[in-house]
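Reading through the structure tokens given below for one structure.
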Amino acid sequence: MKISLTKGKSEGPTKLNAFDNALLDADIGNVNLIPVSSMLPPDAQEIPLPKLEPGEMTNCVLSHQYSDVPGDTISAVIAYAQAEEMGCVIETKGINKTKQELTDEAKFMAEYMIEKRQLEIINYKQIIQTHTVEEKASVVAALIYHNPRRH
């Protein structure tokens, strides 16, 4: 299975528009996102995000945060940890949390999920998107699962 990480941020006139604009910034704004739980098959391989067809049904793990308080720093994090047998995807988010707090939180959750399955991490990766709110803003981070027939 192929996977991709992506992230985006944006302002907008409403909560929905800020979220939609952040999805567009992440290059996933023209597809139907289907939230799934957080497991990866053992053969998962990360690739750059390919062009997705408008309206495509797209499985993902999505982290998103919104705020309409000027000056807030909003963040969204996606991470994955792979063991030989399988992998786990982690999402977290926050308002006015430091990057270090959020990346530490994601790493802790990944380690816990893998250890709980009595496995060992062989690969770990994370992305974080942050933004300082001007009026109404949203950030997103996503792990996209690709349709094996297309990619």
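Below, each value reflects all heavy atoms present in this structure, side chains not excepted, and no hydrogens, waters or symmetry copies.
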Q. Yes or no on side chain to side chain contact (heavy atoms under 4.5 Å, CB included) for Leu62 and Glu91, after CA distance, side-chain angles and deciding distance?
A. CA-CA 7 Å; Leu62 180 70; Glu91 61 92 9; over 6 Å; no
Q: Please test Lys125 against Glu46 for salt bridge (charged side-chain N to carboxylate O under 4.0 Å, His left out), starting from the C-alpha separation and ending with a verdict.
A: CA-CA 10 Å; Lys125 185 164 182 186; Glu46 185 181 345; 3.1 Å; yes
**Q.** Chi angles and distances behind the side chain to side chain contact (heavy atoms under 4.5 Å, CB included) call for Leu52, Ile28
**A.** CA-CA 7 Å; Leu52 302 172; Ile28 54 173; 4.0 Å; yes
Q. Where do Ile114 and Cys88 land on the side chain to side chain contact (heavy atoms under 4.5 Å, CB included) test, with the steps shown first?
A. CA-CA 7 Å; Ile114 293 293; Cys88 300; 3.8 Å; yes
Q: Decide side chain to side chain contact (heavy atoms under 4.5 Å, CB included) for Leu40 and Met86; before the verdict, give the C-alpha distance in whole Å, the side-chain angles of both, and the deciding distance to 0.1 Å.
A: CA-CA 6 Å; Leu40 294 174; Met86 65 177 297; over 6 Å; no
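Listed for the Asn59 side chain is no donor-acceptor partner under 3.5 Å among the backbone atoms of Tyr145. Tyr80 contributes no side-chain N or O that, together with a main-chain N or O of Gln126, makes up a donor-acceptor pair within less than 3.5 Å. Asn21 places no side-chain N or O within donor-acceptor distance of the main-chain N or O of Gly12, the cut-off being under 3.5 Å. Using a distance-only test at 3.5 Å, with no hydrogens or angles considered, a donor-acceptor pair links the side chain of Gln82 to the main chain of Ala44. Distance alone, capped at 3.5 Å, is enough to place a donor-acceptor pair between the Ser4 side chain and the Ile47 backbone. The backbone N or O of Lys136 sits nowhere less than 3.5 Å from a side-chain atom of Asp68 that would complete a donor-acceptor pair. Of the possible polar contacts, one joining the Thr6 side chain to the Ala26 backbone as a donor-acceptor pair under 3.5 Å is found. Side-chain atoms of Glu101 come within 3.5 Å of backbone atoms of Thr98 as a donor-acceptor pair (strictly under, hydrogens ignored).
In this structure, Asn17 CG and Lys15 NZ are separated by 12.5 Å, a value rounded to the nearest 0.5 Å. Distance CD/Gln118 to CD/Glu120: 11.0 Å, rounded to 0.5 Å. Rounding to the nearest 0.5 Å gives a distance of 6.0 Å between CG of Leu33 and CG of Leu23. The distance from the OG atom of Ser75 to the NZ atom of Lys99 is 8.0 Å, given to the nearest 0.5 Å. Taking OG of Ser10 as the reference point, atom CG of Leu24 lies at 8.0 Å (rounded to 0.5 Å). Annotation: the span from Gln129 atom CD to Lys9 atom NZ amounts to 5.5 Å, rounded to 0.5 Å.
Taking all atoms of both residues into account, the shortest heavy-atom contact from Ile90 to Ala110 is CD1-CB, 3.3 Å. Here the closest heavy-atom approach between residue Asp25 and residue Gly8 is recorded as OD2-CA, 3.2 Å.
The hydrophobic cluster containing Ile128, built from Ile/Leu/Val/Met/Phe/Trp/Tyr side-chain heavy atoms closer than 4.5 Å, also comprises Val77, Leu102.
Hydrophobic clustering (ILVMFWY, side-chain heavy atoms < 4.5 Å, transitive): Met39 and Val61 are in distinct clusters. Hydrophobic clustering of Ile, Leu, Val, Met, Phe, Trp and Tyr side chains at less than 4.5 Å, counting indirect connections, keeps Met109 apart from Ile78. Follow the hydrophobic side-chain contacts under 4.5 Å out from Ile122 and you never reach Tyr124; the two are in separate clusters. No continuous path of ILVMFWY side-chain contacts below 4.5 Å connects Tyr66 to Val139, so the two sit in separate hydrophobic clusters. By the criterion of side-chain heavy atoms lying less than 4.5 angstrom apart, applied directly or through intervening Ile, Leu, Val, Met, Phe, Trp or Tyr residues, Leu5 is grouped together with Val36 in one hydrophobic cluster.
If you check the side chains of His64 and Ser138, you find no donor sitting under 3.5 Å from an acceptor. A donor atom on one side chain and an acceptor atom on the other are found under 3.5 Å apart for His131 and Glu11.
Lys7 places none of its side-chain heavy atoms less than 4.5 Å from the side chain of Val140. Side-chain atoms of Thr130 and Ile74, non-hydrogen and from C-beta on, never get closer than 4.5 Å to each other. Looking at Ser63 and Lys93, their side chains come closer than 4.5 Å, going by heavy atoms from C-beta outward. The closest side-chain heavy-atom distance from Asn32 to Glu56 is not below 4.5 Å. Leu49 is listed as a side-chain neighbour of Ile144, based on a closest heavy-atom distance under 4.5 Å. No side-chain heavy atom of Ile95 sits under 4.5 Å from any side-chain heavy atom of Thr73. In this structure the side chain of Glu135 never reaches within 4.5 angstrom of the side chain of Pro13, judged on heavy atoms. Glu105 is listed as a side-chain neighbour of Lys97, based on a closest heavy-atom distance under 4.5 Å.
Residue Glu84 qualifies as open at atom CD: its count of foreign heavy atoms under 6.0 Å is 12 or below.
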